[in-house]
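Here the structure is laid out as structure tokens; the discussion comes afterwards.
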Amino acid sequence: MSVHRATWSIVSALLLFALNAQAAPHAEEKPAAKATLKVTVIHAQNARPGIDPKLKSIGEYLTKSFDKFKGFTQLGAHEAQVALGAKTSTTLPDGKTLTLAFKGQSKGFVKVYVEIDGLKTTVDVRDGGLFFQAGRVFKAGILVLAI
């Protein structure tokens with residue numbers, strides 16, 4: 001295994017956060033036909049300390065989760081309504097493609113398939129919640145994807 005791939009595997013840990021926690025739905029919950037998937041692309045670095053005003057709502061999570069970095073800048077955002085089983089893709093600043101898919105819901109959680117540069121996984125996220133995928137080296141820092 002190459003050093004890059006090993007580093008990528010270690011640093012690419014998914015950090016789960018429950019924002020806007022909601023009560024568990026009733027047992028008769030009907031599966032959603034579509035979901036809104038949002039991605040905010042963030043550059044974490046030390047050259048310019050501070051948090052981009054666009055990231056104010058998640059600033060506390062960024063500084064706690066990525067405490068090795070002092071500056072966070074939003075580089076882009078992507079939002080799509082995705083039908084059950086369908087995918088949406090966006091190109092990241094490093095030229096790689098991020099693909100997300102809505103895989104269903106269960107007990108207040110949404111199943112989100114994530115594919116980027118060889119990483120393929122499905123994450124359960126609280127409906128209305130957030131998780132980070134991070135570790136891609138980018139311009140003296142890393143890219144953080146807030147999904």
Side-chain angles (χ1 to χ4, degrees), residues 1-45 51-138 141-147:
M1 180 180 283
S2 72
V3 174
H4 174 71
R5 186 157 177 88
T7 301
W8 171 243
S9 296
I10 293 169
V11 180
S12 291
L14 297 175
L15 305 173
L16 298 175
F17 293 94
L19 297 177
N20 303 322
Q22 299 175 1
H26 293 81
E28 301 102 33
E29 173 182 47
K30 293 184 180 182
K34 62 184 174 180
T36 300
L37 300 179
K38 300 177 185 179
V39 180
T40 302
V41 181
I42 302 158
H43 184 215
Q45 43 70 40
I51 299 173
D52 188 327
K54 296 176 192 170
L55 301 171
K56 183 180 177 184
S57 66
I58 62 170
E60 181 179 339
Y61 297 104
L62 290 168
T63 56
K64 286 181 181 180
S65 301
F66 305 100
D67 60 354
K68 292 183 181 182
F69 298 98
K70 302 300 179 213
F72 301 91
T73 306
Q74 181 173 320
L75 299 181
H78 175 74
E79 181 176 332
Q81 287 280 327
V82 182
L84 183 61
K87 296 179 180 180
T88 184
S89 295
T90 189
T91 302
L92 301 174
D94 62 358
K96 301 295 182 180
T97 300
L98 170 68
T99 300
L100 301 174
F102 172 44
K103 293 294 186 177
Q105 68 182 47
S106 177
K107 299 180 183 175
F109 288 86
V110 176
K111 294 183 180 300
V112 180
Y113 170 80
V114 179
E115 183 176 337
I116 180 171
D117 199 26
L119 170 70
K120 297 177 183 180
T121 190
T122 299
V123 180
D124 289 338
V125 184
R126 183 163 303 281
D127 192 358
L130 167 76
F131 74 93
F132 293 119
Q133 191 287 324
R136 304 187 58 73
V137 176
F138 183 75
I142 62 169
L143 288 180
V144 176
L145 306 177
I147 303 171

Contacts satisfying salt bridge (Lys or Arg N to Asp or Glu O under 4.0 Å) that involve residues 55-64 (not counting sequence neighbours) are Glu60-Lys64
Write out all pairs satisfying salt bridge (Lys or Arg N to Asp or Glu O under 4.0 Å) with one or both partners inside residues 72-83, taking only residues at least two apart or from two chains. none
Can you list the residues that meet the ring-ring contact (aromatic ring centres under 6.0 Å, His included) rule with His78, with sequence neighbours excluded? none
Could you list the residues that satisfy ring-ring contact (aromatic ring centres under 6.0 Å, His included) with Phe138, not counting sequence neighbours? His43
Kindly write out the residues that satisfy side chain to side chain donor-acceptor pair (under 3.5 Å) with [X], not counting sequence neighbours, or none if the list is empty.
X      : answer
Thr91  : none
Ser89  : Thr99
Thr36  : Gln81
Glu115 : Tyr113

Non-hydrogen atoms of [X] and [Y] that approach each other most closely:
X      : Y      : result
Gln133 : Leu119 : NE2-CD2, 3.9 Å
Leu130 : Ala146 : CD1-CB, 3.7 Å
Lys87  : Ala101 : CG-CB, 3.7 Å

Going from OG1 on Thr97 to CG on Asp94, what distance comes out if it is rounded to the nearest 0.5 angstrom? 9.0 Å
Atom NZ in Lys96, atom CG in Asp117: separation rounded to 0.5 Å? 4.0 Å
Set of residues satisfying side-chain contact (heavy atoms from CB on, under 4.5 Å) with respect to Leu62, sequence neighbours excluded: Ile42, Leu55, Ile58, Phe66, Phe72, Phe132, Val144
Check side-chain contact (heavy atoms from CB on, under 4.5 Å) between Val82 and all other residues, then give those that pass, not counting sequence neighbours. Leu37, Ala80, Ala86, Thr88, Phe102
Salt bridge (Lys or Arg N to Asp or Glu O under 4.0 Å) filter on Lys34, not counting sequence neighbours, yields none
Could you work out, with salt bridge (Lys or Arg N to Asp or Glu O under 4.0 Å) as the rule, every residue matching Lys54, not counting sequence neighbours? none
Side-chain heavy atoms of Thr40 within contact of Leu145, under 4.5 Å: no
When you compare the side chain of Leu92 with that of Ile116, does any pair of heavy atoms fall below 4.5 Å? yes
